[in-house]
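Notes follow the structure.
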Protein chains: 2
Amino acid sequence: MAATMTDVARLANVSVSTVSYVLTGARPISGATRERVLAAIAELGYSPNAMARGLASRRSTLLGLLLPLGEDGVGATVSAFVNGAASAASAAGYHLTLNPVGADDAAPLRELASRRLLAGAALMAVRLDDPRVDVLRELGVPYVLIGRTRDTTGVSFVDIDFDTTMADAVEHLVRLGHRRVVYVNHSQDALAAGDGPTVRTAEAFARAMRVHGLEPVMVAVDAGAAHGRIAVEEALARDPGVTAFVSMNESATFGILAGLADRGLRVPQDVSVVSVVMAPAVAELARPALTAMESPGAALGRLAVEALVDQLDRTDRRDEDKDKEVHQQLLPCTLRVRGTSGPVRS
Amino acid sequence: MAATMTDVARLANVSVSTVSYVLTGARPISGATRERVLAAIAELGYSPNAMARGLASRRSTLLGLLLPLGEDGVGATVSAFVNGAASAASAAGYHLTLNPVGADDAAPLRELASRRLLAGAALMAVRLDDPRVDVLRELGVPYVLIGRTRDTTGVSFVDIDFDTTMADAVEHLVRLGHRRVVYVNHSQDALAAGDGPTVRTAEAFARAMRVHGLEPVMVAVDAGAAHGRIAVEEALARDPGVTAFVSMNESATFGILAGLADRGLRVPQDVSVVSVVMAPAVAELARPALTAMESPGAALGRLAVEALVDQLDRTDRRDEDKDKEVHQQLLPCTLRVRGTSGPVRS
DNA sequence: GCGCTTCGTCGAAACGCTTCGATGATGACG
DNA sequence: CGTCATCATCGAAGCGTTTCGACGAAGCGC
């Protein structure tokens, strides 16, 4: 049915290896022959069989995006990463596969990786101690983290610069006169599991507050608008004089706004709210629109894939630059002031 | 490095074909031999090379999810589809690849499909006349639509039942006494391009209104909260007496609430708003929480992939049931009343 | 106990490509 | 004008599976 390389070779009056060389450029081919081959390819509408190519070259064009997938779907912020990754992969001639593998059970990943289907992998939702990383290293699958483990020596990653992000968020509030700020983090479970962003923002917030001589207060709640309201109650219980909230918990942030409104607290006149690591489009949905540390979004995913592809090319060429060169990059979120932050009430 | 089937065969003292039969079940193997082979497999930590398998069996475990990917990322509602699809694929032993191919240029798809990397494809964001469908049919790649073309004879698809959904939404409002309802649809561009949901909801809304003897008024705006405000202005210009909005435009819906508030119109006392085809989690973010026709979300993606896998299995077995049996399924959204709909003001 | 099917297993031929060593043809050089 | 690289191309050997035909060994009826 579909044309094979043999068909092309026959039509162009060359051997199959010549066709292969024209396609891959692995050896020089004269202009005339190349033309003839390309013409034959065009005439037959030929394109190489990916499986055969993969088998023979023991190289695949598949990049795995490894991430836990709950039934509820990922938020807009995460979906931006995925997006950027898919686009970048596509642009580099690779294909991105979505692999639901969580950090809890490494067995499926071991399976997946040893089937040699993937040329490389990008890990999302990385924990401080992530068993998946060990599996990948052990099986020799090139990988890049979106996020990072506790120990990052020799590991390529792209992550958000939580320290800078938190420092900027707190700084913004402090400048407005706020001194009693509560941080609404992801769930207690995420914290206990060692989820990177959860743990890092907790620490970064504490540091940022102490820099200004302030006491950090943190509340951890599950996702969902309802839990945002709970966060407000808990925060007020812990510190009735709180004047500002910082939140990374996307859906809860909306609940915080609702909870404050319910209590008759106006935003930003009575209380300020700053969302961290949020996609601009999401921040715009709130009323008032949320002042936010906007996440680098698609760029993160794109950079991760580009780093991965780079690494693959390097191993392929195996040239002078030692191929164990790691790519480590932190991207800060950028402050975008909208309607939920203002001077502390006097 | 990695163990091959030959290694397993040697260790188990059988031929490679026997190992293959144990793995694929293509031929019966005695219990004793099977045990021996499985033991060898376990000992070597063997798992079959996906490429070699794919080449020899001309079957792949990759399902392509074909969808246009803007840099801005997909909304939570779409991401739920993707999610469901990825999970279902994974559960069925397949892998989902994310392929950014829009309906505008079919060339990349032709490339992709003729490389025989994909066992099948699921198309998202289907237009009434979608060139991608022709490409897939022509190249003989099994496919399922998430959405549907104008003519659906012989085509498998899973889609939202826009007729029922709109009828229910309008019915809900009419029962509350509303008679002047405006539908806020996706952009004029989407409408002109023949985007399925955009066109179908437009028609369904008109039908639903006429059933009640009401005049359908529709406004088409781009995505984004800002455009929701524009929609409100435009709606009031078209009919100053409007008492209710129906909207499918996710981000604009939030803008509608903002726009109404700006004008001093209270929701739901003065004006009602019903969102259609929206994920519950998103509806909860609004204040008040949105009355919505909730989209089947992950189920849609899951069903599509299951239908596709079914079709693949059937072509494989090529048994009595004619393998051109199509799967066509419409899922309605379900009404969930929250805080944005109420009796018409008297 | 003779032919017969049935069952479990084997060997070898694909599958469609990449890659390596080899081979003529070509041109440079002394 | 013979010698040696150099260059473009060829042929063949894989890559790790699946799958098909074949073939002994049992098991069956008579």
Side-chain angles (χ1 to χ4, degrees), chain A residues 1-38 40-41 44-62 93 114-119 315-318, chain B residues 1-38 40-41 44-62 93 114-119 315-318:
Chain A
M1 172 73 219
T4 78
M5 216 152 138
T6 312
D7 300 327
V8 174
R10 193 177 310 128
L11 183 56
N13 251 307
V14 295
S15 72
V16 288
S17 48
T18 301
V19 177
S20 174
Y21 292 134
V22 168
L23 251 28
T24 63
R27 283 192 188 182
I29 293 291
S30 74
T33 315
R34 167 184 280 94
E35 289 312 317
R36 214 146 23 91
V37 170
L38 291 178
I41 288 177
L44 295 174
Y46 165 81
S47 58
N49 179 305
M51 295 287 179
R53 179 176 281 209
L55 176 58
S57 66
R58 58 215 99 245
R59 219 175 288 134
S60 115
T61 63
L62 293 171
S114 56
R115 281 184 133 75
R116 305 276 118 180
L117 187 59
L118 269 36
T315 351
D316 261 12
R317 297 200 317 275
R318 193 167 293 299
Chain B
M1 171 74 221
T4 77
M5 219 154 132
T6 312
D7 300 327
V8 174
R10 192 178 311 128
L11 183 57
N13 252 307
V14 295
S15 72
V16 288
S17 48
T18 301
V19 177
S20 173
Y21 292 135
V22 167
L23 251 27
T24 64
R27 283 192 187 179
I29 293 292
S30 74
T33 315
R34 167 187 279 90
E35 290 312 317
R36 214 144 25 91
V37 170
L38 291 178
I41 288 178
L44 295 174
Y46 166 82
S47 58
N49 179 304
M51 295 287 183
R53 181 176 279 214
L55 176 58
S57 65
R58 63 213 99 249
R59 218 175 288 133
S60 116
T61 64
L62 293 171
S114 55
R115 280 182 134 73
R116 306 275 119 182
L117 187 58
L118 269 37
T315 354
D316 262 12
R317 297 199 318 273
R318 194 168 292 297

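Lettering of chains follows the sequences in order, A, B, ..., and the numbering in each one begins at 1. Every value quoted in this text rests on a predicted model; they were computed, and no experiment measured them.
- Rounded to the nearest 0.5 angstrom, B:Ile29 CD1 and B:Ser20 OG are separated by 9.0 Å.
- Taking atom CZ of residue A:Arg10 and atom C1' of nucleotide D:dC10, one finds them 16 Å apart after rounding to whole Å.
- The shortest non-hydrogen separation linking B:Thr61 to B:Gly93 is CB-O, 3.9 Å.
- Across the protein-nucleic acid pair, A:Asn49 atom CG and C:dA14 atom P stand 17 Å apart, rounded to whole Å.
- Nearest nucleotide to the side chain of A:Ala56, out of D:dC15, D:dA12, D:dT18: D:dC15.
- Rounded to whole angstrom, the span from the CE atom of A:Met5 across to the P atom of D:dG11 amounts to 14 Å.
- Minimum atom distance to the side chain of A:Arg27 is reached by C:dC20, of the listed C:dC20, C:dC10, D:dT18.
- Atom CZ in A:Arg115 sits roughly 10 Å away from atom P in D:dT17 (whole-Å rounding).
- Remark: P of C:dT18 and OH of A:Tyr21 are 10 Å apart, rounded to the nearest angstrom.
- For the atom pair A:Leu44 CG and A:Met5 CE, the distance stands at 12.5 Å (nearest 0.5 Å).
- Between A:Arg58 atom CZ and C:dC17 atom P there is a gap of 16 Å when expressed in whole angstrom units.
- Of the possible donor and acceptor atoms, one in the side chain of B:Arg58 sits under 3.5 Å from a partner among the backbone N and O of B:Ala56.
- When the C1' atom of D:dT18 is taken as reference, atom CD1 of B:Ile29 falls 13 Å away, rounded to whole Å.
- Among the heavy atoms of the strands lying under 4.0 Å from B:Arg59 are primed sugar atoms or P, OP1, OP2 only; no base atom is included.
- Note on B:Ser20: every side-chain N or O is 4.0 Å or more away from OP1 and OP2 of D:dT17.
- Side-chain proximity of A:Ala52 to D:dT17, C:dG16, C:dG8: nearest is C:dG16.
- The residue A:Ser17 sits close to a base: some heavy atom pair falls under 4.0 Å.
- Between the CZ atom of A:Arg53 and the C1' atom of D:dG16 there is a distance of 18 Å, rounded to whole Å.
- B:Leu55 comes within 4.0 angstrom of a base, heavy atoms only.
- Mapped onto DNA chain C by nearest heavy atom, B:Ser57 and B:Pro28 fall at different nucleotides, with B:Pro28 at the one closer to the 5' end.
- Of the candidates A:Val19, A:Val22, A:Val8, A:Val22 is the only one forming a side chain to side chain contact (heavy atoms under 4.5 Å, CB included) with A:Leu38.
- OP1 and OP2 of D:dG11 both lie 4.0 Å or more from every side-chain N or O belonging to A:Ser15.
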